[in-house]
S.K.: 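Supplied in structure tokens, the structure appears directly below.
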Amino acid sequence: GTFTHANVDNFDVDFVFPVNFYTENINFFINTYAENFFESSGKPAPTNKNFAGKTYDFFLFNASGTQISSVNQAVTMTFRYSESDVSGLDESTIAPYRWGASDSAWQVIAGSTIDTANNKITFSSNAFSSFAIFGSAAASSGGGSGRGTVPIIFKSLEDSKISDLRNKILRLTDFNN
């Protein structure tokens, strides 16, 4: 079956549970957090990655209350995110991650599909724990003018003549116009 977890800001998470994904009735618990929640709770972003959008804990429990960490068949999930969630990130680098129970680290979930036009990322997992989307910082454009970075070398006044300084200032001014 399908289930949609509706967030208050309309960035829902869709779930598609395959038939017989588990052998008994289960209870599904979802906690939604701001993107910086895991940073302060001992689950920092992987090296050179940044959180993008909401973060989640997904927990499954059987009827006797025992937590289930994996299911027989993978569940498909679709996370939605906003443009502001990926601001400053290279959107083509975003990927879903799951917190590994055995190694206490974020693990990228292979095989995801990114729909940048609709701000959705879809993936499947048969393991449940904490989930987040991470991305890499966008490459710098080198000053915003599209002309690259100007190397500036500073010298003390005693090492340069006033006329040399005027010429350097004029060259910098010409470059920036």
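Just the heavy atoms: all of them, side chains too, but no hydrogens, waters or symmetry mates, feed the values below.
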S.K.: Determine, step by step, whether Lys54 and Tyr33 satisfy the side-chain contact (heavy atoms from CB on, under 4.5 Å) criterion, reporting the C-alpha distance in whole Å, the side-chain angles of both residues, the deciding distance to 0.1 Å, and the verdict.
M.R.: CA-CA 6 Å; Lys54 296 210 174 286; Tyr33 310 104; over 6 Å; no
S.K.: Compare every heavy atom of Ser40 with every heavy atom of Phe37, then report the nearest pair and how far apart it is.
M.R.: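 Reported closest heavy-atom pair: O-OG, 3.0 Å.
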S.K.: Is it the case that the side chains of Asp14 and Thr4 hold a donor-acceptor pair, with the cut-off being a distance below 3.5 Å and no angle test?
M.R.: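 There is such a pair (donor and acceptor under 3.5 Å, judged by atom type) between the side chains of Thr4 and Asp14.
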S.K.: For Ser125 and Ala127, work out which heavy atoms get closest and say how close.
M.R.: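 Shortest heavy-atom separation between Ser125 and Ala127 comes out as OG-O, 2.8 Å.
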S.K.: Determine yes or no for a side-chain-to-main-chain donor-acceptor pair under 3.5 angstrom, with Ser129 supplying the side chain and Trp99 the backbone.
M.R.: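 Present.
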S.K.: Side-chain contact, heavy-atom cut-off 4.5 Å: Gln67 with Leu60?
M.R.: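 Contact flag for Gln67/Leu60 side chains = no.
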S.K.: Under 6.0 Å between ring centres: does that hold for Phe58 and Phe131?
M.R.: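 Ring centroids of Phe58 and Phe131 are less than 6.0 Å from each other.
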S.K.: State, with a plain yes or no, whether a side-chain heavy atom of Thr122 is found less than 4.5 Å away from one of Asp115.
M.R.: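 No, too far: nothing below the 4.5 Å cut-off.
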S.K.: Going by heavy atoms in the side chains, are Arg80 and Asn119 under 4.5 Å from each other?
M.R.: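 Side-chain contact under 4.5 Å: no.
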S.K.: Which pair of heavy atoms, one from Pro96 and one from Ile121, lies closest together, and at what distance?
M.R.: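 Here Pro96 and Ile121 meet closest at CD-CD1, 3.3 Å.
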S.K.: Measuring from atom CD of Glu24 to atom OG of Ser64, what distance do you get when rounded to the nearest 0.5 angstrom?
M.R.: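 Glu24 atom CD to Ser64 atom OG measures 7.0 Å (nearest 0.5 Å).
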S.K.: Do Phe128 and Phe3 share a hydrophobic cluster, counting only Ile, Leu, Val, Met, Phe, Trp and Tyr and linking them when any side-chain heavy atoms are less than 4.5 Å apart?
M.R.: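 In one cluster: yes.
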S.K.: Do the ring centers of Phe28 and Phe61 come within less than 6.0 Å of each other?
M.R.: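 No, they do not, as the ring centres are separated by 6.0 Å or more.
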S.K.: Quick one: OG on Ser41 to CG on Asp57, what's the gap to the nearest 0.5 Å?
M.R.: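 One gets 8.0 Å once the value is rounded to the nearest 0.5 Å.
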S.K.: Should the ring pair Phe21 and Phe17 be called parallel, tilted or perpendicular, given that the plane angle runs from 0 to 90° and is split at 30 and 60?
M.R.: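 Ring orientation, 0 to 90° scale: tilted.
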S.K.: What are the two closest non-hydrogen atoms of Tyr81 and Lys120, and how far apart are they?
M.R.: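 Smallest interatomic distance, heavy atoms only, reads CE2-N, 3.5 Å.
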S.K.: Just wondering, more than 12 heavy atoms not from Asn48 lying within 6.0 Å of its CG?
M.R.: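 No, the 6.0 Å shell around CG holds no more than 12 heavy atoms from other groups.
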S.K.: Taking all heavy atoms of Trp106 and all of Ser130, pick out the closest pair and write down the distance.
M.R.: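 The pair with the smallest heavy-atom distance is CZ3-O, 3.6 Å.
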S.K.: Do Lys49 and Tyr97 have side-chain heavy atoms sitting under 4.5 Å apart?
M.R.: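 Yes, side chains in contact.
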S.K.: Scan Asp85, Asn50, Val86, Thr116 and name whichever one has a side-chain contact (heavy atoms from CB on, under 4.5 Å) with Ile94.
M.R.: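 Of the listed options, the one satisfying the test is Val86.
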S.K.: If you group Ile, Leu, Val, Met, Phe, Trp and Tyr by side-chain heavy-atom gaps below 4.5 Å, do Ile30 and Ile133 land in one group?
M.R.: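 In one cluster: yes.
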S.K.: Shortest non-hydrogen contact from Phe51 to Phe38?
M.R.: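 Heavy atoms of Phe51 and Phe38 come nearest at CZ-CB, 3.8 Å.
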S.K.: Verify whether one side chain among Tyr22 and Asn62 offers a donor that lies under 3.5 Å from an acceptor in the other.
M.R.: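 The answer is no; no qualifying pair exists.
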S.K.: Sub-3.5 Å donor-acceptor pair from the side chain of Thr32 to the main-chain atoms of Tyr56, do we have one?
M.R.: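 A pair under 3.5 Å: no.
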S.K.: State plainly whether one hydrophobic cluster holds both Ile26 and Phe15, where clusters connect Ile, Leu, Val, Met, Phe, Trp and Tyr through side-chain heavy atoms under 4.5 angstrom apart.
M.R.: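 Yes; Phe15 is reachable from Ile26 via cluster members.
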S.K.: More than 12 heavy atoms of other residues, nucleotides or ligands under 6.0 Å from CG of Asn72: is that the case?
M.R.: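 Buried by this count: over 12 neighbours within 6.0 Å.
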S.K.: Could you walk me through whether Asn20 and Gln73 pass side-chain contact (heavy atoms from CB on, under 4.5 Å), step by step?
M.R.: CA-CA 8 Å; Asn20 298 322; Gln73 295 181 42; 4.2 Å; yes
S.K.: Is a donor on one side and an acceptor on the other found under 3.5 Å between the side chain of Thr76 and the backbone of Phe123?
M.R.: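 Absent.
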